[in-house]
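To start, the structure under review is shown below, and the notes come after it.
Lettering follows sequence order; numbering is per chain, from 1. These figures come from a predicted structure and were not determined experimentally.
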Amino acid sequence: MAIPSRPPEPTSALTRSWSAAVVLLLLAVLFGRPGVALLAVPLAVHAAWAWWRRPRLAPALRTRPRTSAIPEGDGVDLTVAVDEPEPATWLSVQWPGIVGAAWDPKHGAAVDLADQGVSVGLEPERWGRYVTGAPGIQYMDESGSWRSTIEGESCTVTVRPAAATLSGGSGVARPIGLTGAHTSSVRGDGTQIADIREYRAGDRLRRINWRVTSRTQKLHVTQTFTERDTDVLIVADTLRDLPDPSGTSSSLDATVRAIAAISQHYVGFGDRVAVHDLGHRIGLVRPGTGPRQVRIILEMLSRSLRDVPDHLSMRRVPSLRPGTLVFVCSPLLDQKVTDELNRLRQYGGEVIVVDTMPETLGTFGAIRHDTSRSFLAEAWLVRRMQREVTVRRIEELGVPVTPWQGTASLASVLLAMQAARTAPRRAVGR
Amino acid sequence: MRGLAETVAGWLLRISEMSAGQWVLRVAIVLSGALLLQLPTWWATFFFGPVLAGIGALMVLVSLLAPDSLAPVGLVAVVGAWWLMAGADNPLWQAAVLALLLGVFHLSCAWAASAPTHGVIRRRLARAMAGRAVAFLLVVAVGLALVLGAASLPALPGGLLWIGLGGLAVVGLAAVIIRPDRNT
């Protein structure tokens, strides 16, 4: 929709031109001084130029695009343009400053000819939703004599978090679905060989292994493991948002990136992925599969609320199907969260904890670089030491805890889980 | 004092964040303003010269920081008053030089006030501005030549009648130029 505006009004330059020219010419005529009349000439020329070029219409302005969605790391050009610009007119645009985003040019202000509009680039630093605020716009003529000041339209830019692919296997030991990409321990139609045995009535003829048959002179068939999908539940602990001492990231950033990577990884296997937020920053995503589910999750993540106060009330996971692969992304500071992941384990979920506590928070390095007069850095050091007891207890329960450090964070854990699928198990003696 | 300190801090921040295009315009303001004060000091010295020069320097400084203020008018008034009081016997070409400098100063102030100090002036607009500046100075030069030519004509009879007619012509021209004739 075009922004309505008023016609341009005279500036101080035009007032200066005609008033000084009139006064100087009058003085020149009164005192008979051609020299003073010469001084009035440039001002009179400017006034005549302003009269000749004065804009006659109120400009109709548009801002494009009003809403946009971009991946993390990208930028977007916001353009303010006049619907039907008059010749020789200029446009000056000043966008307000935004926390967490940079403008190009540096302060979000640019001046250009009005015929093609003025474009200013916005480069968000991180994922999230950015509302620019209304820009200040000035529409003026080329002599600097006529100007109209207009407040433009605000724009909304949604930045989707970068969904890097996890490296490593799936880590799914016992898939609980019907058809998928994970090798199960049940024998049936599949691709991975389980055994070669003698033919029995009812075996499919296409399963006959002719090489073994010709060697042993008895019919043998190849047995395979079935391939199934599974349920994946990503539980996000957003009760607190712990800032990194350097101020560049936080535990919420690590949680969002981990959820994006994990969901993309398991959707690639054809699994059903759901997201449950224990707090109130991200929201809930129902189970789904396919690229559409990844888009839904990334859209939900990009709308996460950073500026929400820390919450004490927690939204528990309502139910869990046994065998579900559960990723709990948490800084492990709340006892309630530790109890919740224990509960999920007891319900039969295969739980993996992704530690999202900022790496440098509560370390000696943070204390060395702390210039404030408070003892907050020391307090965090003590808290981190207390947390190590909690992490050890969780690991003793058989729940792996791995810090989030990028796409390779879970590789070793997932490979170990996958290897454990075929490892011999201790039988209970009778 | 706190308000003054904040004002000065604001000016210093504006200067530190000024864009390249605005730097060019502000340098033009300073150079033309300085010459507008220095040349009359050489060509038309008189008793109140130093006082007017001091006032003019202050006007140039304020014009540098706030070109949309009344300071540019102040400098025009200073130069006009100086030449009126002390330039009667000076050759007209000196007044023509001052007029050209006045044109540069006035146009630089008008353009510097058109955008924020940190606003980047795009390249194609900068090219257009350079062309317009040259055209403006050429038209001013033609106007100066016409006035110089008129001034060299022999004196006409009529005396005060011509003064009156001249004054009416000036007022009428001003009324035509500033006629409010805009669509609402």
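Contacts of B:L137 with chain A are absent, with no heavy-atom separation under 4.5 Å from either backbone or side chain. The parts of A:A110 that come within reach of chain B are both its backbone and its side chain, each placing non-hydrogen atoms under 4.5 angstrom from that chain. With a 4.5 angstrom heavy-atom cutoff, B:P91 does not touch chain A via any of its atoms. For chain A, the nearby parts of B:V73 are the backbone and the side chain; heavy atoms of each come within less than 4.5 Å. In this structure, the portion of A:W90 lying under 4.5 Å from any heavy atom of chain B is its side chain and not its backbone. Within the 4.5 angstrom heavy-atom criterion, only side-chain atoms of A:L24, from C-beta onward, approach chain B. With a 4.5 angstrom heavy-atom cutoff, B:W111 touches chain A only via side-chain atoms.
Put simply, of B:L144, B:L148, B:V139, B:N90, the one with the most heavy-atom pairs under 4.5 Å next to chain A is B:L144. Taking chain A as the reference chain and counting heavy-atom pairs below 4.5 Å, the highest number among B:L146, B:V104, B:V147 is found for B:V147. Chain A forms the most heavy-atom pairs under 4.5 Å with one residue out of B:A77, B:A110, B:G103, and that residue is B:A110. Contact tally against chain A (heavy-atom pairs below 4.5 Å) for B:H118, B:R124, B:Q94: the top residue is B:R124. If you tally non-hydrogen atom pairs under 4.5 Å between each of B:A99, B:A126, B:A115, B:G87 and chain A, the highest count goes to B:A99. Chosen from A:L27, A:V120, A:T15, A:L43, the residue pairing most often with chain B at heavy-atom distances under 4.5 Å is A:L43. Counting heavy-atom pairs under 4.5 Å between each of A:V36, A:V41, A:V118 and chain B puts A:V41 at the top. The choice from A:G35, A:P34, A:A40 that makes the most heavy-atom pairs within less than 4.5 Å of chain B is A:G35.
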Checklist entry - Could you go step by step and tell me if A:E142 and B:M129 meet the side chain to side chain contact (heavy atoms under 4.5 Å, CB included) rule? => result CA-CA 8 Å; A:E142 61 180 2; B:M129 288 168 76; over 6 Å; no
Checklist entry - Between B:R123 and A:D112, is a salt bridge (charged side-chain N to carboxylate O under 4.0 Å, His left out) present by the stated rule, with each step listed? => result CA-CA 8 Å; B:R123 202 166 291 177; A:D112 203 351; over 6 Å; no
Next on the checklist: Apply side chain to side chain contact (heavy atoms under 4.5 Å, CB included) to residues A:V111 and B:V120 and explain how you reach the verdict.
Outcome noted: CA-CA 6 Å; A:V111 193; B:V120 169; over 6 Å; no
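A:L38 and B:A95 make their closest contact through CD1-CB, 3.8 Å (heavy atoms, listed as atom of the first residue, atom of the second, distance). Shown here for A:R16 and B:S69, the closest heavy-atom pair between the two residues is NH1-O, 4.4 Å. Closest non-hydrogen pair, A:A20 versus B:V76, comes out as CB-CG1, 3.9 Å.
For B:F46, the CZ atom sits in a packed shell: over 12 heavy atoms of surrounding residues, nucleotides or ligands are nearer than 6.0 Å. Annotation: A:W52, atom CH2; neighbour count of heavy atoms from other residues, nucleotides and ligands within 6.0 Å does not exceed 12. For CG of B:L70, the number of neighbouring non-hydrogen atoms (other residues, nucleotides, ligands) closer than 6.0 Å is 12 at most.
You'll find the side chain of B:P116 reaches within 4.5 Å of the side chain of A:S92, heavy atoms only. Looking at B:H106 and A:H46, their side chains come closer than 4.5 Å, going by heavy atoms from C-beta outward. Inter-residue side-chain proximity for A:W49 and B:L107 is flagged as met; some heavy-atom pair is nearer than 4.5 Å.
The OG atom of B:S19 sits 9.5 Å away from atom NE2 of A:H107, with the distance rounded to the nearest 0.5 Å. If you take OG on B:S114 and CG on A:L91, they are separated by 12.0 Å, rounding to the nearest 0.5 Å.
B:R132 contributes no side-chain N or O that, together with a main-chain N or O of A:S143, makes up a donor-acceptor pair within less than 3.5 Å. At least one donor-acceptor pair under 3.5 Å links the side chain of B:R122 to the backbone N or O of A:S119.
A salt bridge links B:D68 with A:R147: at least one charged nitrogen is closer than 4.0 Å to a carboxylate oxygen.
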